[in-house]
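I have placed the structure first, in the form of structure tokens, so that the comments after it can refer back to it.
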Amino acid sequence: MDHLQNNMGIVMSIILIFTSAAFTDNILLTRFLGMCSCLGVSRKVGTSIGLGLAVIFVTASTAALNFLVYQYILIPLGIGYLRLITFIVIIAAFVQLVEMIVERVSEKLYYALGIFLPLITVNCAILGISLFMLNKPYSFWQAFAFGAGGGFGWFLAITIIGGIREKIKENELPRGLEGPAITLIIIGIMALAFVGFSGMIKI
Amino acid sequence: MAYTSKQVFLNGIWLENPVYRQVLGICSSLAVTNLMANTLFMCFGVIFTTSLSNVTISLLRNFIPKRIRMIVQVLIIASFVMMVDIIIKALAPDIHRFIGPYVGLIITNCIIMGRAEAFASQNKPILSLYDGIASGIGYSLMLIAIALVREPLGQGTILGMALPKRDLWWHSWIIMIMPPGAFFMLGIFTWFARGWLTRQEGKR
């Protein structure tokens with residue numbers, strides 16, 4: 001019985017971590033990560049969705065990979081301070097690998113995702129999720145949920161922003177406000193809404 | 001491409017300012033500007049990294065094979081960021097606890113990568129050093145300006161010191177130290193800076 005309850009607790013905590021990473025702690029709107037590619041790519045809903053999906057996949061996998069490497073290689077060896085350099089190499093190598101596999105396996109998927117993959121290496125959301133993950137004492141599956149949730153939150157935010165930007169494309173704005181400035185203000189208003197979620201989930 | 005050092009400085013600090021002009025390095029400029037102390041440490045980190053990584057990449061520019069230059073540049077940048085991380089941890093552990101992850105994110109800060117790729121891989125070391133310092137200062141000025149608005153409005157303090165007689169007349173705007181305030185402030189700053197610049201270009 002105890003064993004079963006324990007398992008339930010783990011599953012619940014994983015669901016909670018996923019939702020809180022996606023909504024209350026949205027990586028784009030409350031931690032400001034992945035802004036550069038967000039401002040650059042969010043002009044259309046279609047491209048936003050493509051990049052968002054690629055990001056979910058990469059964050060979830062690299063968070064899990066980095067977790068394993070950090071806990072089982074860097075910490076036992078006492079070289080935790082090398083984490084930055086290790087993480088960035090793992091992320092770059094992983095993205096490179098995915099690109100090669102996708103290219104071989106499915107040409108269609110490659111053309112859909114291919115152009116976004118190189119962009120992802122320099123997307124700070126990916127490295128950021130791996131770094132924030134270390135602040136909390138997560139287990140492996142919790143770290144995976146944190147990565148997937150963070151990626152999903154980013155996907156959600158960039159898709160909404162893409163939709164809004166498509167709508168206001170034809171509107172006339174003051175010269176200086178066009179482009180990044182108005183996008184930042186839109187994101188600010190969205191962030192207000194997402195801040196409203198905070199307090200709903202406590203871990 | 002021959003630049004004079006004066007041109008390089010002017011470009012980095014104002015004309016081609018990385019934050020509002022090229023819209024690079026936005027993530028950290030939003031995250032750390034809620035308190036002036038955080039901002040100053042972050043600025044130190046960025047200036048240190050851009051200038052030194054620019055010099056290194058410029059020195060090695062003829063030896064790095066074209067195909068793998070990105071990964072080499074990332075590794076060079078990452079090693080300087082690691083130094084900054086350790087230095088800040090030693091000098092100010094309290095601040096490091098908050099801005100730690102963002103210091104790590106200097107690696108993926110597009111300003112540094114951008115300068116390395118656009119400038120240092122094609123120019124001489126000394127000029128690249130100037131370019132790195134200038135972009136770093138341009139970034140820092142923008143951050144300090146934003147922090148100068150956010151910290152007083154959000155908490156009624158500057159660098160942790162209270163405004164005179166704060167308790168009598170001041171009411172903090174909580175929104176300013178929360179994420180939305182950061183987006184609004186940066187949006188408004190970008191608006192003014194770009195508007196001013198387009199008017200200048202119109203005159204010419």
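Any value given below was found using the heavy atoms of this structure, including those in side chains, with hydrogens, waters and symmetry copies removed. Naming: A, B, ... by sequence-line order, numbering from 1 per chain.
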Open item on the list: Give me each pair satisfying salt bridge (charged side-chain N to carboxylate O under 4.0 Å, His left out) with a member in residues 45-55 of chain B, each pair once, sequence neighbours excluded.
Closed with: none
Task: chain A contact via F192(B) - which portion, at a heavy-atom distance below 4.5 Å - done: neither
Open item on the list: Do R97(B) and N135(A) have side chains that approach each other closer than 4.5 Å (heavy atoms only, starting at C-beta)?
Closed with: no
Open item on the list: So, taking the atom named CD1 in I85(A) and the one named CE in M82(B), what distance separates them when rounded to the nearest 0.5 Å?
Closed with: 5.0 Å
Which side-chain N or O atoms in residues 147-168 of chain A pair as donor and acceptor under 3.5 Å with protein atoms at least two apart or in another chain?
residue	atom	partner	partner atom	Å
W154(A)	NE1	L33(A)	O	3.4
T159(A)	OG1	F155(A)	O	2.5
R165(A)	NH1	L39(A)	O	3.1
R165(A)	NH1	S42(A)	OG	3.0
E166(A)	OE2	V45(A)	N	3.1

- [ ] Go through the atoms of R31(A) and report whether side chain, backbone, both or neither lie under 4.5 Å from a heavy atom of chain B.
- [x] both
Open item on the list: Taking every non-hydrogen pair under 4.5 Å, which of L131(A), L177(A), I187(A), I185(A) racks up the most with chain B?
Closed with: L177(A)
TODO: Start with the C-alpha distance between F32(A) and V32(B), add both sets of side-chain angles, then the distance that settles side chain to side chain contact (heavy atoms under 4.5 Å, CB included), and finish with yes or no.
DONE: CA-CA 10 Å; F32(A) 319 104; V32(B) 299; over 6 Å; no
- [ ] For atom CD1 of I126(B), decide whether the heavy atoms of other residues, nucleotides or ligands shown that lie under 6.0 angstrom number more than 12.
- [x] no
Open item on the list: Once rounded to the nearest 0.5 Å, what's the spacing between atom CG of L186(B) and atom OG1 of T183(A)?
Closed with: 11.0 Å
Open item on the list: For a 4.5 angstrom cut-off between non-hydrogen side-chain atoms, does Y81(A) reach D85(B)?
Closed with: no
Open item on the list: Can you confirm whether Y130(B) is buried at OH, in the sense that more than 12 heavy atoms of other residues, nucleotides or ligands lie under 6.0 Å from that atom?
Closed with: no
Task: Atom group of I182(A) that falls short of 4.5 Å from chain B, counting heavy atoms - done: neither
Task: When A191(A), A93(A), G188(A) are compared by non-hydrogen pairs under 4.5 Å with chain B, the top option - done: G188(A)
- [ ] Please look at M178(B) and chain A and tell me whether the side chain, the backbone, both or neither of the residue comes under 4.5 angstrom of a heavy atom of that chain.
- [x] side chain
Task: Exercise: identify the closest heavy-atom pair between A181(A) and G187(B) - done: CB-O, 3.6 Å
TODO: Taking the side chain as every heavy atom from C-beta outward, state whether I189(A) and F184(B) have any atom pair closer than 4.5 Å.
DONE: yes
Task: Heavy-atom check, side chain of P180(A) versus side chain of R194(B), under 4.5 Å - done: yes
TODO: Starting at CG of L84(A), measure out to CG of L105(B) and round the result to the nearest 0.5 Å.
DONE: 8.5 Å
Task: Residue among P101(B), G181(B), G195(B) with most heavy-atom pairs under 4.5 Å to chain A - done: P101(B)
Task: Rounded distance (nearest 0.5 Å) linking atom CD1 of I186(A) with atom CZ of F183(B) - done: 12.0 Å
